[in-house]
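Some notes on the structure that comes next.
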There are 2 protein chains.
Amino acid sequence: MATINDVAARARVSTATVSRALNGKSTVDPALAARVQEAAAELGYQPNGLARNLRRQETAVLALVISDVENPFFTAIARGVEDVAQNAGYSVVLCNSDEQLAKERRYLEIALQERVAGVILSPVGPSTNVDTLTGRGTPVVAVDRPLTEPSSDQVLVASRPAAQEATAHLLAAGYLRVGCLTGPAGVRTADDRLDGYLDGLRAAGVAPEAALVRRAEYRAGCADAAAAELLDLESPPDALLLANSPIAVAVLQALAARGLRAGRDIGIVAFDEVPWATLIDPQLSVVAQPAYEIGRVAAELLLARIGDHTRQPTATMLAARLIPRGSSRRSLGES
Amino acid sequence: MATINDVAARARVSTATVSRALNGKSTVDPALAARVQEAAAELGYQPNGLARNLRRQETAVLALVISDVENPFFTAIARGVEDVAQNAGYSVVLCNSDEQLAKERRYLEIALQERVAGVILSPVGPSTNVDTLTGRGTPVVAVDRPLTEPSSDQVLVASRPAAQEATAHLLAAGYLRVGCLTGPAGVRTADDRLDGYLDGLRAAGVAPEAALVRRAEYRAGCADAAAAELLDLESPPDALLLANSPIAVAVLQALAARGLRAGRDIGIVAFDEVPWATLIDPQLSVVAQPAYEIGRVAAELLLARIGDHTRQPTATMLAARLIPRGSSRRSLGES
DNA sequence: ATGAAAGCGCTAACAC
DNA sequence: GTGTTAGCGCTTTCAT
């Protein structure tokens with residue numbers, strides 16, 4: 001594999017000149033520059049990024065560590081990050097922690113070892129630790145979920161009021177026994193959505209029933225059991241607030257298996273807008289989170305931080321939007 | 001940031017010993033090893049992966065370049081890749097080419113410059129070129145779509161017979177005017193599915209009608225216009241074969257907007273199993289591709305190739321499976 | 001404007 | 001078993 005030395009030899013110049021010519025840094029005699037370009041082309045020279053980065057002590061790549069590649073919410077964030085990064089000349093590598101602390105830790109370690117310019121991550125849980133990163137001067141932005149030690153920028157969504165609003169909406173629609181199926185304890189969004197749900201009950205003067213609350217993993221295929229438990233209760237809920245879309249899939253499947261119809265038999269509101277929300281009958285009422293926007297803002301924050309390591313950490317709180325559809329309407333009208 | 005020199009100084013040994021102790025390569029005196037460990041811990045030493053890779057001339061990371069992060073088919077592939085990579089001690093970085101040649105080229109260049117151990121990619125199109133990679137000895141495995149110069153391993157799905165079977169299925173169900181909405185010309189899966197569709201018509205002695213065939217981009221939100229054209233035809237199709245799930249979303253939305261019901265009014269079979277296939281009414285008939293398996297096999301092939309660069313390129317062809325559901329049934333029965 | 005040379009942090013011969 | 005040392009390929013002073 002051709003190196004800068006080969007190019008220099010072939011162009012009969014020094015390696016310094018090759019470097020300058022190829023990077024367009026300092027000004028180089030046009031004739032020499034041309035010779036260099038030609039030699040590089042003939043040799044099919046590809047600069048060794050490793051060597052360059054080692055020398056420069058910096059990399060133009062951002063790491064994005066998300067907790068579930070299969071969740072559309074996170075892939076939408078990825079798109080937001082990527083668009084901003086590309087514009088600024090950065091590449092982004094996506095790492096899937098799969099909601100597993102060990103994988104997450106491993107990817108963060110790699111990010112550190114590979115000296116990426118910055119990291120955006122949705123922390124798997126409360127014990128996620130980024131001190132090694134920040135300690136070494138690698139800027140970190142947390143998305144979706146906060147870091148326990150907030151020395152980093154954060155871009156979150158106000159889940160709790162959104163969950164409260166969704167609960168109030170279900171109550172207002174006439175449902176009496178509203179339940180909640182949320183994510184694992186310790187995961188902030190899961191706890192917030194549960195708290196918001198309780199807020200909603202309280203505001204309406206409804207006494208919460210522990211039996212109507214369940215937790216499940218956030219990933220696909222993990223909420224089946226919890227969904228079944230809830231629906232098969234002696235006195236089951238007549239409405240449900242669901243904390244994300246994989247959970248919604250599980251519940252909707254359980255509903256179908258029991259011949260239950262959303263809206264009429266059981267009111268449903270789920271977090272996260274999905275492409276199929278309007279394809280099901282009745283249509284799925286959702287709390288839409290600005291996923292792409294989260295990614296966009298996070299990337300901007302990260303780049304700003306990379307440019308100025310002295311910036312104070314900021315916390316951005318984005319709003320979620322309730323989109324009421326048929327699944328939270330008791331009447332039989334069209335979706 | 002602490003370097004190996006700092007650790008060596010603190011442990012009062014040479015850098016070579018530190019390297020040996022930390023990498024567990026050659027055997028080191030337990031006492032010294034302990035001193036090294038301690039010094040490293042105290043300093044919060046994190047090896048510089050850049051320097052290590054530069055020296056070793058290799059990296060334990062695989063690049064996975066997929067053409068659309070938002071398509072569940074590709075994220076399922078990613079999971080397959082990741083599971084086997086992790087087991088083998090490799091990490092995988094995911095890059096999203098977004099069906100854009102320029103982005104893809106850029107990511108491949110980065111993969112080359114960063115000297116990743118190998119690359120798995122779903123080529124954006126026929127002009128995707130990996131010669132620079134293979135020329136430099138970086139193994140490449142193509143997934144989902146073939147490379148035009150097949151000097152690399154390939155893991156594909158037999159789309160054409162699957163599309164033929166799906167078409168035959170629609171015809172057998174009693175639909176008379178079966179149309180097809182496929183992906184961009186030049187994208188092999190799109191062309192194959194179209195060809196398979198034509199095979200299906202031919203086998204049944206049905207004359208193809210150009211008016212019933214449309215192409216659209218594979219990404220979400222791109223097939224709306226094509227779907228509308230098809231449905232608003234003077235004599236519209238009474239059944240449709242759809243080449244992927246984002247296209248299916250577009251068509252199902254167009255159906256809903258026109259008050260048309262899948263199955264009864266228009267038979268639908270779409271490529272790619274999705275979590276919501278059984279949530280819609282009628283349920284969506286699909287051609288299920290073994291996405292996770294594709295990723296698994298591709299990663300295994302890549303690792304084998306990394307271990308032995310002299311291996312001959314192989315071509316693996318996986319089968320797809322038709323799952324008939326309500327959307328391809330004319331009767332009014334349950335889903 | 002160009003070249004010589006140092007050195008980024010690490011590993012792997014090679015000596016001892 | 002341990003230390004010395006020579007690079008990996010590049011960028012960047014520092015001279016010229």
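Note on naming: letters A, B, ... go to the chains in the order of the sequence lines (proteins, then strands), and numbering restarts at 1 for each one.
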Q | Ser14(A) side-chain N/O to dG3(C) phosphate OP1/OP2 under 4.0 Å | A | yes

Q: Would you classify Leu32(A) as touching base, sugar-phosphate or nothing, given that sugar-phosphate means primed atoms plus P, OP1 and OP2, and contacts are heavy atoms under 4.0 Å?
A: sugar-phosphate

(Q) Rounded to whole Å, please give me the gap between CZ in Arg20(B) and P in dC14(C). (A) 14 Å

Q. Do any side-chain nitrogens or oxygens of Thr17(A) fall under 4.0 Å of OP1 or OP2 in dG3(C)?
A. yes

Q | d(CG, Leu54(B); P, dA6(D)) in whole Å | A | 17 Å

**Q.** Residue pair Thr128(A) / Leu147(A), side-chain heavy-atom distance below 4.5 Å
**A.** yes

Q.
Is the phosphate of dG9(D) approached by Gln57(B) (side-chain N or O, under 4.0 Å from OP1 or OP2)?
A. yes

Q: Give one of base, sugar-phosphate or nothing for Asn53(B), where a contact means two heavy atoms less than 4.0 Å apart.
A: nothing

Q) Rounded to whole angstrom units, what separation is found between the CD atom of Gln113(A) and the P atom of dG9(C)? A) 15 Å

Q: Using whole Å, report how far CZ of Arg55(B) lies from P of dA6(D).
A: 12 Å

Q) If you measure only the distance, is there a donor-acceptor pair under 3.5 Å linking the side chains of Arg106(A) and Gln86(B)? A) yes

(Q) Would you say Ser19(A) places a side-chain N or O within less than 4.0 Å of OP1 or OP2 belonging to dT11(D)? (A) yes

Q: Hey, which sits more toward the 5' end of DNA chain D by its nearest nucleotide, Met1(A) or Lys25(A)?
A: Met1(A)

Q: Quickly work out the Arg56(A) CZ to dC8(D) P distance and round it to whole Å.
A: 20 Å

Q) Could you give the CG-to-P distance, from Asp6(B) to dG9(C), as a whole number of Å? A) 9 Å

(Q) Taking 4.0 Å as the cut-off, does a side-chain nitrogen or oxygen of Arg52(B) come that near to OP1 or OP2 on dG9(C)? (A) no

Q: Answer yes or no: does a side-chain N or O of Asn5(A) lie under 4.0 Å from OP1 or OP2 of dC10(D)?
A: no

Q: For Gly49(B) and Arg115(A), work out which heavy atoms get closest and say how close.
A: N-NH1, 4.4 Å

Q: With rounding to the nearest 0.5 Å, note down the distance linking OG1 in Thr134(A) to NE2 in His309(A).
A: 12.0 Å

Q: Mind calculating the distance between CZ (Arg12(A)) and P (dA1(C)) to the nearest angstrom?
A: 21 Å

**Q.** Tyr292(A) side chain to Asp83(A) side chain, donor-acceptor N/O pair below 3.5 angstrom
**A.** yes

Q) Between Thr15(B) and Thr15(A), which has a closest nucleotide on DNA chain D that is more 5'? A) Thr15(B)

Q: Starting at atom CG of Leu50(B), determine the distance to atom C1' of dT11(C), rounded to an integer number of angstrom.
A: 15 Å

